[in-house]
Amino acid sequence: MADYHQMWSKLGMDLETHDQLCEVLPQAFGDVYLSQENRPEGMDYFNFVVAEIHGVRPAELVEAQKQGTKIFGTFCIYVPDEVVFAAGGIATGLCGGSQFWVPGGEKVLPAATCPLIKASIGARLDRTCPFFSIADIFVGETTCDGKKKAWEILEQEAPVYVMDLPQQKRPRDITAWADEIRAFMAKVEEVTGNKITAESLAASIKLINDKRRALQRLYDFRKLPNPPISGKDCLLISQIAFYDDPARFAQMTNKLCDELDQRVKDGIGVYSPKAKRILFSGTPMAVPNWKMHHIVESEGAAVVGEETCTGIRYFNNLVDESQTSLDGMIDALAARYMDINCACFTPNSARIDDIKRYVREYHADGVIDINLKFCTLYDIEGYLVENALKEAGIPVLGLETDYNDEDAGQLRTRVGAFLEILAN
Ligand code: BJ8
């Protein structure tokens, strides 16, 4: 990585501690990613973006801020990025996926809090992530209890705006979410000083849909009998989608897909023909959490999809682009976002239908339902998911883990045993 110490220092970061993170990340990335054989050349861009994760994009954000652009840090895929971009702001996903930040979060949160929340809060409090230092405002949401309470702690540090997400999907809930999007628009206009117009919202709906379309195109390659790209690489791209410039991201992902088209024509795949195909379901895998993909793929299986927020849930549905009035677009946004099936909703049987459909579409041999420790929502819903899959005759393995590597050996054993069952 180039030297960004001056920028980090100006951002008030703890340089000494942050240097420790900069030392371990390249090693981890090398072990998990660069050790793969036969990767598409188009991965070079994504390798670069991750290698420079705390440099290149933060530098762009700082530059944009100098020109008066406001940066909105978000933590959940229900927060509509379209609204932020329509007002000339930049939205960037902030969920923390490294154990490095967890102890910082545990200074203020109970240890029995999910690692994603602890890492996110720790990254801010310990001043060891430039994205958390750059954000002008954080946008939280009322999804799980841990997050709801974490916002109150974060608010002692920096401005936080919380979107009130309904927890059911009746028509009046969708109307309530449309109202919530309207209120968010007013907040975004206040922070940026810019008015959102029908034209600017239509343009940002197209911008974010284009990013989703590029991801859909990428994930379609994983449905093929001989995928030309690994699950690990697709996970990395999905993680980068949260913070990269959306237009450039779509362009680079489409460029990669052009190469993948050619690979398919040439019969180039990355897995052994005997590789068992695994679909992950469950909690998100925020960057740089590559743990489960690495375990599964180094056991010789293929991860062909993720029913997670760092996977299909992120890009599955598009916003209707045919609306011309602001109200029509807000309704279209509300409908699209309320179509995401997170375990914070009750009932949430549509999520189980999604998983079964993805098993068919991605030709998965089995599902690994993954739960981040202390995520009660997905843990409890895991019971229903596993039962429904078993009833449908789909092999399923439920696993719980966190960002520590201490359980890697045990997880490897359980994954290996599951793959054996699939092979017989
Ligand atoms: S839409 S999954 S991004 S809420 S893992 S913090 S739920 S205790 S991340 Fe999420 Fe939005 Fe849902 Fe997706 Fe809480 Fe669970 Fe932790 Fe979670």
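Just so you know, ligand 1 is whichever comes first in the structure, and atom 1 is the first atom listed for that ligand.
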Trainee: Below a 4.0 angstrom heavy-atom separation, can you tell me which part of Cys375, side chain or backbone, both or neither, approaches ligand 1?
Mentor: both
Trainee: Using a strict threshold of under 4.0 Å (side-chain N to carboxylate O), is an ion pair present between Arg212 and Glu321?
Mentor: no
Trainee: Could you please give the number of protein N/O/S atoms within less than 2.8 Å of atom 12 (Fe) of ligand 1?
Mentor: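 For atom 12 (Fe) of ligand 1, the figure is 1.
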Trainee: Can you figure out which of Met285, Arg313, Lys147, Lys373 has its heavy atom closest to atom 10 (Fe) of ligand 1?
Mentor: Lys147
Trainee: For the ring pair Phe46 and Tyr33, is the centre-to-centre distance below 6.0 Å?
Mentor: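 So the answer is no for these two rings.
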Trainee: Can you list the atoms of ligand 1 that are under 4.0 Å from a heavy atom of Tyr378?
Mentor: 2 (S), 12 (Fe)
Trainee: Does the side chain of Lys187 come within less than 4.5 Å of Ile137's, by heavy atoms?
Mentor: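 Contact flag for Ile137/Lys187 side chains = yes.
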Trainee: Please determine whether a side-chain nitrogen of the Lys or Arg among Asp339 and Arg336 lies less than 4.0 Å from a carboxylate oxygen of the Asp or Glu.
Mentor: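 Result for this pair is no, no salt bridge flagged.
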Trainee: Could you list which atoms of ligand 1 come closer than 4.0 Å to a heavy atom of Thr283?
Mentor: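 Here the atoms of ligand 1 in question are 5 (S).
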Trainee: Please name all residues satisfying side chain to side chain contact (heavy atoms under 4.5 Å, CB included) with Phe48, sequence neighbours left out, ordered by chain then number.
Mentor: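 Counting only residues at least two positions away or on another chain, Phe48 forms a side chain to side chain contact (heavy atoms under 4.5 Å, CB included) with Glu52, Val56.
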Trainee: Whether the side chain of Arg313 engages the backbone of Glu307 through a donor-acceptor N/O pair (distance < 3.5 Å, no angle test) should be reported.
Mentor: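 Yes, the answer is positive, given that a donor and an acceptor are paired below the 3.5 Å cut-off.
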Trainee: Enumerate the atoms of ligand 1 whose separation from the nearest heavy atom of Cys114 is less than 4.0 angstrom.
Mentor: 5 (S), 6 (S), 8 (S), 16 (Fe)
Trainee: What residue pairs, at least two apart or across chains, pass salt bridge (Lys or Arg N to Asp or Glu O under 4.0 Å) with a residue in residues 22-32?
Mentor: none
Trainee: Do any pairs count as a side-chain hydrogen bond (donor to acceptor under 3.5 Å, both in side chains) and have a residue in residues 125-140, sequence neighbours left out, and if so which ones?
Mentor: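 For residues 125-140, and leaving out neighbouring residues, the side-chain hydrogen bond (donor to acceptor under 3.5 Å, both in side chains) pairs sorted by first residue read Gln65-Asp136, Trp101-Thr128, Lys107-Asp126.
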Trainee: Heavy-atom contacts with Ile117 under 4.0 Å: which atoms of ligand 1 show up? List them by number with element.
Mentor: 6 (S)
Trainee: Please confirm whether Lys147 makes a cation-pi placement over Phe75, using NZ or CZ under 6.0 Å from the six-membered ring centre and within 45° of the ring normal.
Mentor: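 Not flagged: Lys147 not positioned over aromatic ring of Phe75.
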